[in-house]
Amino acid sequence: VSTSAATEQRQFTVRMRFFHWLTAAMVLTMLGIGLSMVASLAYYHRLISIHRPLGILLLIVVVIRYINRRYSTLPPFPATMSPRERSVASKSELLLYTLLFVQPLVGWGMLSAARYPIILHGSLHLFPILPHNVMLYAVLRRAHTALAYLLYLTFLAHFGAVLFHTWVLRDGTFDRMAPWRVRAH
Amino acid sequence: LADTRHFGRLAGTGIVVLGVAAAFLYLGGWFNPGALTPPRFADGFERVDGIYSGFRLNHAKGVCVTGSFESNGQGTRLSKAVVFKAGRVPIIGRFSLAGGNPYVADAPEMVRGLGLLFKLPDGEEWRTAMINTPVFNVPTPQAFYDRLFALQPDPKTGKPDPEKVAKFLASHPEAAQAAEIIGSHPVSSGFDNSTFYGLNAFWFTNGNGTSIPVRWSMVPEQPFVADKAGTQADKNYLFDALIVSIHRHPLQWRQTITIGQPNDPTNDATVPWPDTRQQVEVGTLTLDHVESDFNGPCRDINFDPLVLPEGMAPSDDPLLSARSAVYSQSFTRRSGEKKLPSAVTPSEVQK
């Protein structure tokens, strides 16, 4: 077995790693913008003008990422992970995918129900996906906040778990998703 | 020794995770409880005016109107916005009185509002919320908030505490200056013969890419009649007169765009631009139908002044983003609440 073949096995594929870090950057930006825009009078408009198109872009990226994952071979879990930990990791991955897919749809849906034009850029805007109904808006608006905090907590758990494995257990978990190529030891 | 190192790294992991968690909460304003945020602004309205389920936090008393806007095509050289192409677009509007109480009695000195939603053929929208004073009463969101509390009626007298008002005006000279301009502006007898001003400056960009600062107003075709001083027996006298008038004939306003010069302030809505500035009449607003705010088409619309079509953009006026943020907060709060009719009930509008 050549070194490169072993490397490929230890790490996620280049495409998967690309999508992971692209999604990570977008999600963290969205969480930061979302949290700050609802607390800001001065930057509210500028931030929401980024939040809307970036959210839709994220929805597109997540769909492509999910399709790519379906057709990719995954590296095995590190030996340091117990069966229970593996099950938790798989379930939290599914939760993250679900949140990343549902959250932009809820955002799009709530703007539709509020009858706001869903402006992406200039005169480019999206069609509404729900009827004008403010009661529905009220529910979706609350859901959007709840999902954002759930996403925030799931991200923290994911980040903490990888940090723990990589730094405390020293099992090279981070290397599996490292943006650069990691040679097998 | 290995155990110590292990523990140190474990503690380090915890600290890093908490640090990242805190960074996000910092962005959400969690560590700055004194800052004026949209929710705290909304709380301020509720503290001063009381809580009225289902109503806007400000301009709570109002009626819905519908009609159309006919553009004469003159605006296309100022802005490429679709609304200015010659032709007609449908309008949903709302006349209102300032304040959070939907049962308040109409009075001449109360600020009158007109919110408009222009529905453009390409799916874009233009929303604007105007009032009948030639300048705004404060230049910044913080000053607006301070004014709200300075003018809060004293529960004993039912009127603002003159001492508090004087203190506010002394510490806000721009507001005092604006109050003088507003006070010298004659108040008309009704909604139908009021001029409505957009107040904040915006940027228009035309098809050649040229951008200009502008302000806009709606000038009534209905002749000016001065408001008759004295108390009116009918607590809805302004709205009832509007309803009678609109049932009799369509009401019209000419939309006027005022073009600013390079030194005209775009970031201060309390300062009027010189009267000599070029004005362009871009079209006619016709309102021919009135409905109650309870079951009319405007109830569930947020007249957010930053819903703009391509060709219009906000200026550096700090009020604009703040208005957008607080209107949105108000809209979100009332959207989930039970809806009730204001003092201008559906049967009142049928008269």
Side-chain angles (χ1 to χ4, degrees), chain A residues 28 31-49 110 113-119 121-128 132-142 144-145 148-149 151-153 155-170, chain B residues 6-7 9-10 12-14 16-18 20-21 23-30 32 35-41 80-82 117 120 122-125 127 141-142 299-302 304 306-311 314 318 320-326 328-329 331-337 339:
Chain A
L28 295 184
L31 278 175
I33 290 177
L35 275 163
S36 41
M37 77 184 194
V38 295
S40 173
L41 291 170
Y43 300 108
Y44 174 78
H45 179 67
R46 238 174 286 176
L47 291 173
I48 202 170
S49 305
M110 80 185 203
R115 207 182 176 280
Y116 282 114
I118 305 144
I119 302 166
H121 184 73
S123 63
L124 181 68
H125 55 269
L126 283 177
F127 51 90
H132 184 200
N133 179 333
V134 289
M135 282 297 182
L136 186 59
Y137 165 76
V139 172
L140 292 175
R141 179 63 191 81
R142 268 186 217 122
H144 201 59
T145 301
Y149 278 103
L151 188 56
Y152 164 73
L153 292 175
F155 155 71
L156 285 178
H158 169 72
F159 175 66
V162 173
L163 206 59
F164 174 75
H165 271 270
T166 308
W167 204 12
V168 181
L169 301 183
R170 305 238 152 166
Chain B
H6 195 81
F7 179 76
R9 290 203 298 255
L10 190 61
T13 303
V16 171
V17 172
L18 283 177
V20 171
F24 277 99
L25 296 183
Y26 170 79
L27 286 176
W30 284 46
N32 195 0
L36 189 54
T37 62
R40 284 182 203 120
F41 218 114
K80 61 185 167 193
V82 174
L117 181 156
L120 311 186
D122 66 342
E124 285 187 286
E125 283 184 14
R127 300 186 190 183
Q142 183 68 53
R299 187 192 73 184
D300 295 339
I301 290 172
N302 170 6
D304 177 343
L306 290 184
V307 172
L308 301 168
E310 172 75 343
L320 280 172
S321 178
R323 285 177 71 188
S324 189
V326 179
S328 166
Q329 183 66 219
F331 180 77
T332 299
R333 287 191 186 187
R334 71 190 166 91
S335 64
E337 294 169 349
K339 310 293 188 291

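Numbered from 1 within each chain, the chains take letters A, B, ... in sequence-line order.
- Neither the backbone nor the side chain of B:R334 comes within less than 4.5 Å of any heavy atom in chain A.
- For the atom pair CG of B:L27 and CG of A:L31, the computed distance is 10.0 Å after rounding to the nearest 0.5 Å.
- Ring geometry for B:W30 against A:Y149 counts as tilted: the plane angle lies between 30° and 60°, on a 0 to 90° scale.
- A:H45 places no side-chain N or O within donor-acceptor distance of the main-chain N or O of B:P314, the cut-off being under 3.5 Å.
- For chain A, no part of B:Y26 is nearby; none of its heavy atoms comes within less than 4.5 Å.
- Here B:R333 contributes atom CZ and A:R141 contributes atom CZ; the two are 11.5 Å apart, rounded to the nearest 0.5 Å.
- Residues A:L41 and B:A325 come closest through the heavy atom pair CD2-CB, 4.3 Å.
- For the residue pair A:L156 and B:A21, the shortest heavy atom distance occurs at CD1-CB, 3.5 Å.
- Within the 4.5 angstrom heavy-atom criterion, atoms from both the backbone and the side chain of A:A114 approach chain B.
- The heavy-atom pair separating B:S321 from A:A42 by the smallest distance is OG-O, 3.3 Å.
- For B:L120, no part lies under 4.5 angstrom from a heavy atom of chain A.
- B:F24 and A:F155 have perpendicular rings, their planes meeting at more than 60° on a 0 to 90° scale where under 30° would count as parallel.
- How far CE of A:M37 is from OG of B:S324: 10.0 Å, rounded to the nearest 0.5 Å.
- Using a 4.5 Å cut-off between heavy atoms, A:L28 contacts chain B through both its backbone and its side chain.
- Of all heavy-atom pairs between B:E124 and A:H125, the closest is N-CE1, 3.7 Å.
- The CZ atom of A:F164 sits 6.0 Å away from the CG atom of B:L10 when rounded to the nearest 0.5 Å.
- Heavy-atom distances place both the backbone and the side chain of A:Y116 under 4.5 Å from chain B.
- Proximity to chain B (any heavy atom under 4.5 Å) is restricted, for A:S40, to the backbone atoms N, CA, C and O.
- Chosen from B:R299, B:R127, B:R40, B:E337, the residue pairing most often with chain A at heavy-atom distances under 4.5 Å is B:R127.
- At a 4.5 Å heavy-atom cutoff, the contact between B:P141 and chain A is made by side-chain atoms alone.
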